[in-house]
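Working notes, beginning with the structure itself.
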Amino acid sequence: MLLTEPIRTLPSLLLPLTGVLFLGGFSSGSFGWAAFGLVGSVLYAVVRWATFTYQVIGDRLELTRALIGRSVRTIPLERIRGVDVSSPPLHRLLGLAVLRIDTGAGGSKQEGELDGVTLVEAERLKAALLWHARARAARRAGARGAVAAHGDGPPGAAVTVPAGPLPGSPEPAGPSPGTAVPPVRHRTGEALPERVLFVVPRRWLAYGPLSGSYLLTPFAFVAGAAGLAFQWGSELRIDGRIVVGAGEWLWGHPLLLGGALVVLVLAMPVLGAAMYAVFNWDFTLRARDGYLVAERGLLTRRSVSLERRRVRGFELVEGLAERWAGVARAWAIVTGLGDSGTRGQLLSVIPRRAALDVVREAVGPILTGLRPHPPVARRRRLFRAVFPWLVTAACAAVAARSWPPLWWAVAAALVLAVLGVPLGLDRYRSLGHTHEGGRLSVRSGSLRRSQVVIEERAVVGWTLRQTWFQRRAGVLTVVAGVGAGSGGYAAIDVGEAQGVAFAAEVTPAWLAPFIEDAPPS
C-alpha cells in the first residue's frame, strides 16, 4: 500500500508539481518543494495504512479509521447484497486486490471498501461475508415462517431453521429411495462447489465494437489529446493559439484532413476491439453458493457477485449492428443493487442464441409471442423519425438563401428524413408486451432494442401516462414500477383499453376498484 497509494495519487499531483517547477524556473528550491510533495504523499499513505483496521464482530463488519478523529463504519452482514473483488494492474503485480461491499443503499458507490488486501484474503473475506449474509437471511426467513405457523412463542424460545437449500439456490437432485442423507455442514466462510455457466470464447471479443460506443475509441483519443494540450498548454509553455493554428492549417489542407479521417475510421474496429478486450477479457459467469459471479478484465480483473434470490429478471439488449450480426448482451435485474448498469451485466456481446441459453439457465427463459401495439403507434413512430428532419431542412433552406453553403445541410436533413422511414417502421415492429407464467415482458427501441423480462412479484406499482398527443391518438404508456434495475419498465403507445387490461392482468386486485365492468346505463 505504501507503493500503490502514492502512485494512485500521482496523476492528481502531477499538474501542481509541474506548475511548481515552472514557476520556480527549475531551480533547486522548486525541486525541493516538488520532492516535499512526493514525500508528503508517501507519508499520507503510511498514515492511512497504519490507522485503518477491519474486523467481523458477531453480525457486523466494522471498518475503523483513526487519522485525526476516530471513524467507525458498521455494516450489518445481513444487509450485504454483493461483494466485488477487483485487481488493478499494479495490485495484480503485487498480489493485492480491492474488495468492495454493496449493501443496496443506492447510488453507484459501494458502502465499504478494503483496498490493498491480498488476493487470498480477498477471496476468503468474500466467501465469509457472503456466507454470513445468506445464513443470517435464511435464519430470519425461518424465524418468520415459524412465527407465522405457530404464533408468538414464549420469550427465549429457540427457532429451528428447516434443512435444505438456502433461498435462491438451485434445487439439488433428490436421493434414491431408502438412501440415508447425512447432514451437510460447512465451516464459516467455506465456499460451496461452484458451477461454470459460461466462458466467453476469446474469438467472440471481435463482436465487441458492434455495441457502438467502442467504435468511437480513436476519436476519443484525439479529443483527449486536444483537451490535454489546452489544459496543460500554459504549464508546458505551449500557447493555445499554436494548437488552434494547427487545426486551422489542417482544415486548409482538405486532402490531409480527409486522409486523417480515413485513418481514424479504419482504426475504429481495431482500437474498438482492443479496448473491448481490455475490459471483457475472459468473461466468465459462475453459479456459486447461491450467487451469480461474473468475472472479466485483462489489466484490471473484476469479480462481481449477484445474489440469486434477489434476481427479479433480466434485460436483453441488441443494437442495430448487433441485431444484424445476431449477437446480444444481457443484464440481470436485481433488487438493492447499486450501479446496476455496470455491476448487473451477465453477458458481454455474444451470439443471441448462446445468450438466451445462458440466461435461461441462470435466470429464466425469454418470453416470446409479444402482443402487437395498435397501428396508431406506427404512425407516431414514423412522425417522430421523419418530422424533426423535415423541419430542420426547411429552416436550413430559409437560411441558405443568405448563406449558400447551408444547402449541404438541407440535403443532409432530407437524407436523414428518408432514412427515418425504415427506422420508424423498425421501431414499431420492436414494440410489444406480454404476460405469461407469472412473468411479464416489454420491448422497445430500434438503434438499441431492449426486451425486459421480470417476475410478477417484482412489480410494486403502475404508472399509466398520457401526453396530449397520446390522448388525441387514443394510446398511453404503461410503466411497471419495479424495485430493481432502473426502477420502471414501459410498454410504449399501447391502446387505452389494452394498457389497462395489461396492468389488470398482472395485478388484478390492485386495479379492480378503478375499472368499470360495464358502462352505466
Side-chain angles (χ1 to χ4, degrees), residues 311-320 322-323 328-335 337 340-341 344-347 352 355-356 359-360 362-381 384-385 423-467 469-470 473-508 510-511 515:
V311 176
R312 295 294 181 261
F314 65 91
E315 180 180 11
L316 193 73
V317 176
E318 305 163 275
L320 193 60
E322 292 171 330
R323 290 161 57 191
R329 295 163 284 161
W331 275 263
I333 299 175
V334 188
T335 60
L337 181 67
S340 59
Q345 187 174 11
L346 284 179
L347 291 171
R352 190 177 191 273
L356 293 179
V359 170
R360 181 184 298 111
V363 183
I366 196 167
L367 296 183
T368 58
L370 300 180
R371 304 166 189 173
H373 292 195
V376 67
R378 179 172 57 237
R379 295 197 297 269
R380 284 175 53 81
R381 304 275 80 71
R384 290 189 170 198
L423 178 63
L425 294 175
D426 187 64
R427 284 178 176 174
Y428 172 72
R429 286 191 296 266
S430 296
L431 294 178
H433 67 279
T434 190
H435 173 246
E436 178 185 342
R439 296 180 300 151
L440 61 127
S441 178
V442 295
R443 190 180 69 184
S444 63
S446 176
L447 300 179
R448 183 186 184 275
R449 189 172 72 179
S450 169
Q451 181 172 356
V452 174
V453 179
I454 54 178
E455 298 177 357
E456 196 177 84
R457 60 174 178 156
V459 178
V460 296
W462 293 96
T463 300
L464 278 66
R465 184 173 61 236
Q466 268 187 316
T467 65
F469 295 102
Q470 283 180 313
V475 295
L476 53 81
T477 297
V478 181
V479 182
V482 179
S486 64
Y489 299 95
I492 303 172
D493 282 353
V494 297
E496 291 178 333
Q498 185 185 30
V500 174
F502 176 53
E505 181 182 357
V506 178
T507 55
W510 295 2
L511 272 73
I515 299 177

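Computed from a prediction, not measured in an experiment: that's the story for all the values here.
Ile333 contributes atom CD1, which lies 6.0 Å from atom CD of Glu315 (distance to the nearest 0.5 angstrom). Annotation: the span from Arg449 atom CZ to Arg429 atom CZ amounts to 9.5 Å, rounded to 0.5 Å. For the atom pair CZ of Arg381 and OG of Ser446, the computed distance is 11.0 Å after rounding to the nearest 0.5 Å. Atoms CZ and CG, from Phe502 and Leu511 in turn, are 11.5 Å apart once rounded to the nearest 0.5 Å. The structure places CH2 of Trp331 at 9.0 Å from OG of Ser450, a figure rounded to the nearest 0.5 Å. From Thr477, atom OG1 reaches atom CG of Asp493 across 5.5 Å, with rounding to the nearest 0.5 Å.
Of the listed residues (Arg352, Arg448, Arg329, Arg443), just one forms a salt bridge (charged side-chain N to carboxylate O under 4.0 Å, His left out) with Glu318, and that residue is Arg352.
Atom CZ of Arg371 sits in a crowded spot, with more than 12 heavy atoms from other residues, nucleotides or ligands closer than 6.0 Å.
Shown here for Ala491 and His373, the closest heavy-atom pair between the two residues is C-CE1, 4.3 Å. Summarising the geometry of Leu476 relative to Gly499, their closest heavy-atom pair is CD1-CA, 4.2 Å, with the distance given to 0.1 Å. In plain terms, the two heavy atoms of Thr335 and Gly483 that are nearest each other are CG2-O, 3.4 Å. Across all their heavy atoms, Glu496 and Val475 have their closest contact at CG-N, 4.1 Å. Taking each heavy atom of Thr368 and Thr434 in turn, the nearest pair found is O-CG2, 4.4 Å. Closest approach of Leu316 to Ala328, counting heavy atoms only: CD1-CB, 4.0 Å.
Between Leu423 and Leu447 the shortest side-chain heavy-atom distance falls below 4.5 Å. A heavy-atom distance below 4.5 Å is found between the side chains of Asp426 and Arg323. A 4.5 Å side-chain heavy-atom check between Ile366 and Val359 finds every atom pair outside the cut-off.
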In sequence, state the C-alpha distance, the side-chain angles, and the governing distance for Val363 and Leu346, and then conclude on side-chain contact (heavy atoms from CB on, under 4.5 Å). CA-CA 10 Å; Val363 183; Leu346 284 179; 3.8 Å; yes
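Side-chain atoms of Gln451 do not come within 3.5 Å of backbone N or O of Ser430 as any donor-acceptor pair. Using modelled atom types, one side-chain atom of Arg439 and one backbone atom of Pro365 make a donor-acceptor pair closer than 3.5 Å.
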